[in-house]
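In what follows, every heavy atom counts, from backbone to side chain, and hydrogens, waters and symmetry copies are set aside. In each ligand, atom 1 is the first atom listed, and ligand 1 is the first ligand listed.
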Amino acid sequence: MNKHYPFVNPPLPYSYQALEPYIDEKTMELHHDKHLQTYVDNLNHILEPYPTLQGLSLEELLSCPLCLPSGLQIPIKNNAGGVYNHIFYFSNLTPAPNLPIPDTLSDAITASFGSFDAMKDNLKKTALSVFGSGYVWLVLDKNKTLALMITANQDTPLSSGFCPVLNLDVWEHAYYLKHYNMRKDYIDDWFSVINWNQVNQNYISCMKKIP
Ligand SMILES: [Fe+2]
């Protein structure tokens, strides 16, 4: 995808039905082709009259909201966030199980949470606690420690200085067609299709970014 305006919706790195039976084909199609596409279109529409902002990447648009014109801060937070969060979510899924988790990430999870199972339990509880629409994130903080955080709506961890390693979309559009109101079942199914090799790469990338 373009790193700056005009942004495009990158194709999924797998087919719509590839994550069956964990995440259904129709959900993936609507989530990618309609929800993400709308955020891409809205963001391009917002940036069209602002040539000085058109060279900025998603990360740059999201990392310093106060650097933006005041009237654009909320629309860009919502729509650039919608683009960034969804591309990140889709990129961390895979139809091909790739356990065990690579040692680099596994060791970091153990150091921060005590064990993988402790991290998983904590993440599930955190995801179930999200009120309304939002995301749960595994992030690297400024001390190079992994932590969990919740963001509302399409907010991202970038504006508060955290480096994203993994995210879980808990907006109802991410699971309602298949899992109805059973967010817990969706979370369990999502754990079955996480691309741990990609998450490990995200962690390594974050370690390099944080001084
Ligand atoms: Fe979503």
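Remark: at the Fe ion (ligand 1), atom NE2 from His31 and atom NE2 from His86 enclose 90°, rounded to the nearest 10 degrees. The Fe ion (ligand 1) lies at the vertex of an angle of 130° between the OD2 atom of Asp169 and the NE2 atom of His173 (rounded to 10°).
Between the side chain of Asn44 and the backbone N or O of Phe7, at least one donor-acceptor pair lies under 3.5 Å.
Between Lys124 and Asp188 there is a salt bridge, since a side-chain N of the basic residue sits under 4.0 Å from a carboxylate O of the acidic one.
There is no side-chain donor-acceptor pair under 3.5 Å between Asn197 and Gln201.
For a distance bound of 2.8 Å, the N, O or S atoms of His35 include none lying that close to the Fe ion (ligand 1).
Atom NE2 of His173 has more than 12 heavy atoms from other residues, nucleotides or ligands within 6.0 Å.
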